[in-house]
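Some notes on the structure that comes next.
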2 protein chains.
Amino acid sequence: MARAGLTPERLTLAGAELADEVGLDQVTVSALARRFDVKVASLYSHLKNSQDLKTRIALFALEELADRVAAALAGRAGKDALAAFGDAYRDYAREYPGRYAAAQLRLDTETAAASAGVRHARMTRAILRGYDLTEPDQTHAVRMLGSVFHGYVSLEMAGGFSHTAVDSQQSWEWTLDSLDALLRGQASS
Amino acid sequence: MARAGLTPERLTLAGAELADEVGLDQVTVSALARRFDVKVASLYSHLKNSQDLKTRIALFALEELADRVAAALAGRAGKDALAAFGDAYRDYAREYPGRYAAAQLRLDTETAAASAGVRHARMTRAILRGYDLTEPDQTHAVRMLGSVFHGYVSLEMAGGFSHTAVDSQQSWEWTLDSLDALLRGQASS
DNA sequence: GCATCTGCCTAAGTTACTTAGGCAAATTGG
DNA sequence: CCAATTTGCCTAAGTAACTTAGGCAGATGC
């Protein structure tokens with residue numbers, strides 16, 4: 001019988017696409033097998049189990065997102081870098097909602113340590129180079145930035161900002177301006 | 001045969017407890033039936049289906065959290081109110097992680113409109129009464145506050161802040177101070 | 001070209017979801 | 001207080017997903 005040419009990488013990518021299309025929790029080994037027109041059991045030569053698939057998608061998304069953020073940050077500093085960083089996250093989540101959700105999956109400690117999550121942490125900290133912060137304020141600021149960006153993107157994706165007439169893009173820009181002012185230690189509006 | 005005395009309310013509460021103990025996605029109709037020592041099919045007299053259970057837990061958590069926030073806000077204004085609001089969210093998430101996760105579930109439009117989510121939105125806006133903001137800045141600020149609080153709590157729960165030596169409580173307080181300064185239109189540190 | 005390996009298969013057991021229909025306990029009304 | 005009705009939990013049965021074991025055939029290497 002003809003071989004489908006399955007590999008962990010192809011399965012991971014297809015799983016990521018599926019997540020974007022139908023939502024991360026609709027990503028199942030069975031659905032993936034259907035997509036490749038292959039029997040379910042065949043996937044178990046390439047994946048340990050269902051959890052393994054999800055983890056692979058998460059790691060893939062973390063890498064992809066880190067690459068984008070790195071590209072966006074290149075050559076920028078200060079508010080430019082702040083906005084580029086935030087936009088990269090937000091754009092990724094809007095373009096690939098399933099992958100973004102996967103990137104939030106909780107990984108066990110060793111997997112997380114070997115993941116691109118480390119790059120994310122480094123890049124967040126890099127943004128603050130343009131501002132005049134010393135420890136422990138720098139760590140506080142890293143956490144706050146991460147919180148704002150992740151929180152905003154999550155709530156926006158969940159439809160939380162679609163009830164009011166005010167445009168979400170404007171709130172986003174206001175937020176970026178505010179964060180910049182805050183980190184510069186100056187008044188905002 | 002003896003009756004177990006099931007009701008939608010008892011099932012919802014037990015589901016919430018189960019979510020806190022083993023995680024929201026381990027909350028299944030089967031697990032709930034085991035907990036009541038009852039056959040699975042029996043629950044379907046009280047629940048429409050598995051999704052219905054999750055939705056009920058979400059609505060319950062939203063109510064419970066809104067009650068706590070309302071109690072925390074009573075009689076407070078300005079930074080006091082801001083901190084009370086944030087603390088109420090954070091404490092709830094740490095005490096009831098499964099319920100907090102449930103409260104983030106996406107509800108369909110009409111369910112969401114009838115939920116305590118509306119109270120949450122009103123209370124967030126109420127905090128800003130102590131600050132001198134007019135529209136559309138007020139809406140921007142509501143969104144930013146929601147983002148920071150939700151983002152911080154999510155990342156903290158996911159273990160994102162446990163890699164550095166810096167205490168999360170200190171970052172939280174720094175964040176609250178910063179937000180207060182920002183909303184007052186003044187420099188922070 | 002033959003041996004080996006690899007990839008996808010069938011088969012089968014597990015767990016969870018859900019509906020249909022039944023029996024007995026609780027409740028209600030005479 | 002008994003009869004009728006309602007209600008609550010049951011068994012039975014079908015669907016779907018996960019996962020393991022073992023087999024056969026296409027690909028690979030000598």
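In what follows, every heavy atom counts, from backbone to side chain, and hydrogens, waters and symmetry copies are set aside. The shown structure was predicted, so the numbers you read here are calculated from the model rather than taken from an experiment. Residue numbering restarts at 1 for every chain, and letters A, B, ... go by the order of the sequence lines.
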Q.
Ring centres under 6.0 Å, that's the criterion: do B:W172 and B:F149 meet it?
A. yes
Q: Return the value, rounded to whole Å, for the distance between atom CG of B:D25 and atom C1' of C:dA16.
A: 14 Å
Q) Closest approach of B:F36 and B:A14, non-hydrogen atoms and distance? A) CE1-CB, 3.5 Å
Q.
Tell me the interatomic distance from A:Q26, atom CD, to D:dA16, atom P, rounded to whole angstroms.
A. 14 Å
Q. For DNA chain C, what residues of residues 36-53 of chain A have any heavy atom nearer than 4.0 Å?
A. A:V38, A:K39, A:A41, A:S42, A:S45, A:H46
Q.
Given 3.5 Å as the limit, does a donor-acceptor pair link the side chain of A:R56 with the main chain of A:E9, or not?
A. no
List, with names and distances, any nitrogen or oxygen atoms from the protein found under 3.5 Å away from nitrogen or oxygen atoms belonging to nucleotides 13-15 of chain C.
none

Q. Taking NZ, NE, NH1 and NH2 as the nitrogens, is one of them in A:E135 or A:R125 under 4.0 Å from a carboxylate oxygen of the other?
A. yes
Q: Send over the distance from B:E9 CD to D:dG8 P, rounded to a whole Å.
A: 12 Å
Q.
Does a side-chain N or O of B:T28 approach OP1 or OP2 of C:dC17 to a distance below 4.0 Å, or not?
A. yes
Q) Just by modelled atom types, is the A:V166 backbone N or O under 3.5 Å from a matching donor or acceptor in the A:Q170 side chain? A) no
Q.
Tell me if the centroids of the rings in A:Y89 and A:Y152 come within less than 6.0 Å of each other.
A. no
Q.
If hydrophobic clusters are built by linking Ile, Leu, Val, Met, Phe, Trp and Tyr wherever their side-chain heavy atoms come under 4.5 Å apart, do A:M157 and B:L155 end up in the same one?
A. yes
Without placing hydrogens or testing angles, list every side-chain donor-acceptor pair under 3.5 Å for residues 63-72 of chain A, not counting sequence neighbours.
unit_1 : atom_1 : unit_2 : atom_2 : d
A:E63  : OE1    : A:R119 : NH1    : 3.3
A:E64  : OE1    : A:Y92  : OH     : 2.6
A:E64  : OE1    : A:R99  : NH1    : 2.9
A:E64  : OE2    : A:R99  : NH1    : 3.1
A:D67  : OD1    : A:R119 : NH1    : 3.1
A:D67  : OD1    : A:R119 : NH2    : 2.8
A:R68  : NH1    : A:E95  : OE1    : 3.3

